[in-house]
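Working notes for the structure below.
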Amino acid sequence: MSSGAGVYFDGITSAQREVVVELGSDSLQISARDGNLSVEWPYNEIEELDAPHSVLRLGRRRSASLERLEIREPALAAEIDERAVHVDRTGSSQQRQRIRVIGWTVGATVSLLLVAWFGVPAIAARLTPLLPPSIERKLGDAVDAQIRSMLDTGKRNTALECGTAATEIPGRNALNKLMQRLEAAAALPVTLRTNVVRRDEANAIALPGGRVYVFRGLIDKAENADEVAGVIAHEIGHVAHRDGTRAILEGAGLSFLFGMLLGDFVGGGAVVFAAKSVLQSSYSREAESAADTYGTDLMNKTGSDARALANMLEKIGGATEPGMNILMDHPETKARVAAIRQRAAAKSPQPFLDPGEWAALKQICAGP
Amino acid sequence: MEEAAQERRALELNLRQALASDQFQLYFQPLVDLRTGRVTTCEALMRWKHPNRGMLQLRQSRRGAQRSSGYCLLRGLPLFLLIMASLDAGRIATGGAVRFLGERRSYWRLLIRGAALLMITLGIYRFWLVTDVRRFLWSNTEIAGEALEYTGTALELLLGFLVAIALLIPIYVGFFLAALDLGLLGKLSGVLAFAALGVLGQYAIYRARRYRLTRTIYRGLRFHQTGSAWSYAFRATLWWIVTVLSLGLAYPFQVANLERYKMKNTFYGDLGGRFEASGIALFLRGLPMWLLFFAPLAPAIRGFVGLDWQALVDAIAQGGDDVMSKIEGGNPGLGSAIAFAMLMGGTSVVLGALLYPAFQALTLRWWSSGLRFGTIEVRSHVRTRDIYGAYARFVGYASLFSIAMGMVGAIVFSIAGAVVNVAKFDTADQIAITLLLLGVYVIAALGFSTVYRATVQLSVWQLGMESLELSGLSALEKVKAGGRASSALGEGLADALNVGGY
């Protein structure tokens, strides 16, 4: 049996007491030199606590007490290390624990990525149909304000929307006629609000709640009204499938997951933003081909030429303007074009507009 | 001068009495790393049982791998002479009361491992890293011969974070729905959210401080904090508004006031704390820096005041393609005013960056010197040039890291450029490139934050601690336990809201 000197704190007062530590067979005895302290710590109840390297600091395991015993003699420390199971100066048990923690956190990360990839889209898809149209409309209006401020560069002294000035009214009427035929066939629960906007890109977007914006560049590129109608039919597909609403829910879910749960560990919304754009571009590919199918069926239902959508896709898939990039969201154009042509039922198709009306539609953004 | 001479005479008298009544004890001791069994430091230690000030310690040590304990005895004499020299210099009270024993190398290792794991786990590892950092800093800080101890665990932090998230979700959903409202509520929702989360952030800061204090153990007793976190949060929010409105002039008074509230509610066992530094002292010392920082901005602002604002507003309101020329016509001086403002703003930013370490040293000195626990008084002698040294090390390591990253980046991107076929650029390539850029960003951000923690953060901790002069330590002999361990909710909220601390 060996013994040595130590410093003891009783956890009740801050008094620092020089003590003699005696190592018994299954416990160590702590006694003060002045004789008015005698404590016994069984070896299996002792744990090692953080301290500088030159100190072995011991406490009682699983105890709320803050009793501490400190040893500075290397020989005594080594002997206690040998006897007490939970004192491990080599650090190997701590190493094992650390590896377990790493294993768990990596596992948690993998599971969170799986949730982001599969869970969030699935939840958004389930939630979207449950959202009442009134909320969806509000959501659409909130998004609309944002989108309009992005689209409206305010360079010209004209409104963003075409079809309001006197010279543009015939074009607006032609668009209304086209839309009536599409809307009657689609029979959506929401009313569509379609507008042509003064933008040079060949593009069209659908917002939650039935708002559709057709960019002037698209009408410029189209050879006939059916091609315009085909793209609008595709956008109606997005409205019918409530893709916009779903994308917003997905976005909210992802920014919650990456931004809040995982923490801003490098102070970057940049990570969140990049992760979102990567994930969402993969969601929208499926949504795009579903909208193609819907658009083709809708064109078939109206008795018009669905191949016009395919023709238009070929055109804008090949030459898109930078900025509002339709290519980003419309990949693998060739495969889509082929799928639409196959689905199109081309039996004596009826054109949407006569040549006069088509000429008027071309002038919808002529300005006053 | 007169005061210093008196102090010296008193010291001399004290020393004579001390020698006569055997108040000195002298030790030479090797410090042994208990894990490796190697002698890492030789130390000469003189204890002085001071009649009024309690046990004072004077230390001199030499670090470095030593051959044997016998070797330390050889080193003992010069170390003893150093102690006598420091006595002679009248620095008795410094006495090496606070020491930092951590090795830089271990801290680097801890941080680099932590950064790698943060990256792999997308940040989940942060609870463990924060705990490791605190354990390192606390357990290597020795006050009057006894090291602090941090008893918090990563799992407590994780739990606190999850509870905080559960509390925040309804709040976030509420603000999301409010933002959809097209009326007044929708317009105000952004401001409301900012204000509410701001107050909540201050609440979290106070609660997090309580968590850290109750996990800090010293001589077998814990620290604790009373007081209301809500009351602190409103007080702090009001002060922030005043500080922003006063362009920072109210900042010293804000810190003094908030620190008084915090310290009034801080206890070591049953020993209550106070804060005695005054806002006006910091204000007067900081004012020259404030003036230097704002000096370049004042003429820039004056340049704008002289403009014809009506013409400017009209030109913008009219719009049109020639808006720029109209603006130029109404205000020929606008272009040069903007250029001048940018130049002056840039000067101000550079000045701010150069002055910041001095400001930090100043604030640290002022703050530390205001801390009190019962009869224990603290004075800080942290030197401004040492803080500049810490930042210089940061700049050095950060440049090295940037160069290394630039070289690795060039190699990776030239390989990627060879692999990716530009003609057939499809979605898979696009995702790959996004991920690559993301990786570069994350590595850079983690790298710089690691370098910052290992240089500035560690040095400021070490310098701040080691430059402390404590007096009245005899109060430490009879403190009784008090306070209980608090929950980690505050830490969780602070984490979720991104308001940090140590």
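Source: prediction; values computed, not measured. Computation of the quantities below employed the complete heavy-atom set of this structure, encompassing side-chain atoms and omitting hydrogens, waters and symmetry-equivalent molecules. Just so we're on the same page: letters track the sequence lines, and every chain starts at 1.
Contact of Arg222(B) with chain A is made through backbone and side chain together, with heavy-atom distances under 4.5 Å. Proximity to chain B is absent for every atom of Val110(A), based on heavy atoms less than 4.5 angstrom apart. Only the side chain of Thr151(B) comes within contact range of chain A, with heavy atoms under 4.5 Å apart. Looking at Lys478(B), the atoms closer than 4.5 Å to chain A (heavy atoms on both sides) all sit in the backbone: N, CA, C or O. The contact between Leu148(B) and chain A is made entirely by backbone atoms, counting heavy-atom distances below 4.5 Å.
The closest side-chain heavy-atom distance from Thr13(A) to Val479(B) is not below 4.5 Å. At least one side-chain heavy atom of Ile120(B) sits less than 4.5 Å from a side-chain heavy atom of Val106(A). You'll find the side chain of Ile12(A) stays beyond 4.5 Å of the side chain of Leu221(B), heavy atoms only. Residues Tyr125(B) and Ile102(A) have side chains in contact (heavy-atom distance under 4.5 Å, counting atoms from C-beta outward). Contact of the Val55(A) side chain with the Glu142(B) side chain is not registered, since no non-hydrogen atoms from C-beta on lie closer than 4.5 Å.
Across all non-hydrogen atoms, the minimal contact from Asp50(A) to Tyr150(B) is OD2-O, 4.0 Å. Counting all heavy atoms, side chain and backbone alike, Arg68(A) lies closest to Gly220(B) at CG-CA, 4.3 Å. For Pro52(A) against Ser139(B), the heavy-atom pair with the smallest separation is CD-O, 3.0 Å.
Ser14(A) places no side-chain N or O within 3.5 Å of a backbone atom of Arg219(B) that could act as its donor or acceptor partner.
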